[in-house]
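Lettering follows sequence order; numbering is per chain, from 1.
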Number of protein chains: 2
Amino acid sequence: MPSDAPNLDPVELGAYFALIETGSLLRHAVEQQLQDAGGLSYVQFQLLATLGDAPAGSLRMTDLADGLVYSRSGLTYQAQTLEKRGLITRAPSPDDERTVQVALTTEGREVLTRVFPGHIAVVRELLLAPLSRPDVETLGGTLGRVRDHMRQTPPRSAAPRRR
Amino acid sequence: MPSDAPNLDPVELGAYFALIETGSLLRHAVEQQLQDAGGLSYVQFQLLATLGDAPAGSLRMTDLADGLVYSRSGLTYQAQTLEKRGLITRAPSPDDERTVQVALTTEGREVLTRVFPGHIAVVRELLLAPLSRPDVETLGGTLGRVRDHMRQTPPRSAAPRRR
DNA sequence: TATTGTTATACTCTATAACTATA
DNA sequence: TATAGTTATAGAGTATAACAATA
């Protein structure tokens, strides 16, 4: 257990708290906007946006779940919700009959289009407004490095428990 | 509605996504640790930690809610949970009988103490490990500025709705 | 009348485990 | 046997509105 110094110094603590708080506030604000503009939760927006970016316009459930930190049952729940609203379709794949291909409908794409400008506006006003261009570049670089590191790091909290 | 450019360029988008993702991953990891080590949600930890930092060791419900983005009923819910577990006490204030003074119990302080080392370890391993000292300083400075800006900005999503 | 806090209630989301069907 | 996905179910958290009590 390599825990050298027991405590965080004020600078470290400051960076930690600032990250948690800005992340929360930004996400909360974006969530509000998505809800108001399109009745979407953030996760639902992410699912639609991921589908929108998909080359074929369709993905398997498992592919959709990847990166969105999801239990499969949670994804099924959201997919059902989005399908009921007519924003996506689900169909069994011809290749592998176990898998389900998920695709954006025209209406789904419309919702995405409708929601996007406001989404961007919130990010601009809340996150980018107080920053200079070099600030944004440095921030993206630093947090990008942190993100890559976090992705590599095994979700250590899960390991010691089951299995 | 000053939305100059409709889209975010790659650098802006990168900073935005990196912030959302690192914030989520870090919070998720910390939440896991808090749950495993002390059966606490992040919000519960924040409540206990806020009480722990309070000069008198006790705060009014309203003071507790401030900054933790809470509906009052949500705070009541968490306070009930924490009180049942014996981590806090609630008592009517002698001064103003409408208010409730919340205080950390000895056991509450113990849980906080028990949970803290692991909490710090997670922050170190996930956030601080891949960063140099200047990185951390710059990151804290930049995000601190963003946080201050976000706090000032009225929760615009709430304004247009009710009263 | 305004403020503090609770209650009732409903809804969203998440997670686990059991289950079905295909490979 | 392993993989893809669904279902059942339960639990945590959140929000709104109505309410009671005090200032």
Rounded to the Å, how far apart are [X] [atom1] and [N] [atom2]?
X: B:Arg60; N: D:dA23; atom1: CZ; atom2: C1'; answer: 12 Å
X: B:Gln35; N: D:dG11; atom1: CD; atom2: P; answer: 14 Å
X: B:Leu75; N: D:dT14; atom1: CG; atom2: C1'; answer: 12 Å
X: A:Leu82; N: D:dG5; atom1: CG; atom2: P; answer: 16 Å
X: B:Leu34; N: D:dA12; atom1: CG; atom2: P; answer: 16 Å

[N], OP1 or OP2 - any side-chain N/O from [X] closer than 4.0 Å?
X: A:Arg90; N: D:dT6; value: yes
X: A:Gln80; N: D:dT7; value: yes
X: A:Gln78; N: C:dT14; value: yes

| message | Please determine whether any donor N or O and acceptor N or O are separated by less than 3.5 Å between the side chain of A:Arg72 and the base of D:dG5. | response | yes

| message | Does any part of the side chain of A:Ser24, heavy atoms only, come nearer than 4.5 Å to the side chain of B:Arg27, both counted from C-beta? | response | yes

| task | Using a 4.5 Å cut-off on heavy atoms from C-beta on, say whether the side chain of A:Met61 contacts that of A:Arg72. | result |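 They are not in contact (no side-chain heavy atoms under 4.5 Å apart), so the answer is no.
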
| request: Pick base, sugar-phosphate or nothing for B:Ser41, based on heavy-atom distances below 4.0 Å to the nucleic acid. | output: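 If one applies the 4.0 Å heavy-atom cut-off, B:Ser41 turns out to touch the sugar-phosphate alone, with no base involved.
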
| request: Estimate the overall bend of the helix from C:dT1-D:dA23 to C:dA23-D:dT1 from the end axes over five pairs each, rounded to 10 degrees. | output: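 It works out to 10° between the end axes.
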
| note | Those residues at least two apart in sequence (or on a different chain) that pass side chain to side chain donor-acceptor pair (under 3.5 Å) with A:Gln80 are none

Given [options], which nucleotide is nearest the side-chain atoms of [X]?
X: A:Ser73; options: C:dA21, D:dG5, C:dA17; result: C:dA17
X: B:Tyr77; options: C:dC13, D:dT14, D:dT6; result: D:dT14
X: B:Met61; options: D:dT22, C:dG5, D:dA4; result: C:dG5
X: B:Val43; options: D:dT6, D:dT14, C:dT4; result: D:dT14

| note | Taking for A:Arg98 and for A:Gln44 the nucleotide of DNA chain C with the nearest heavy atom, the one nearer the 5' end belongs to A:Gln44

Review item, side-chain donor-acceptor pairs of residues 111-122 of chain B, under 3.5 Å, at least two apart:
{"from": "B:Thr113", "atom 1": "OG1", "to": "B:Arg109", "atom 2": "O", "distance (Å)": "2.8"}
{"from": "B:Arg114", "atom 1": "NH1", "to": "B:Ala37", "atom 2": "O", "distance (Å)": "3.1"}
{"from": "B:His119", "atom 1": "NE2", "to": "A:Tyr16", "atom 2": "OH", "distance (Å)": "2.6"}

Between [Y] and [X], is there a salt bridge with N-O shorter than 4.0 Å?
X: B:Arg60; Y: B:Asp96; result: no
X: B:Arg133; Y: A:Asp9; result: yes
X: B:Glu107; Y: B:Arg85; result: no

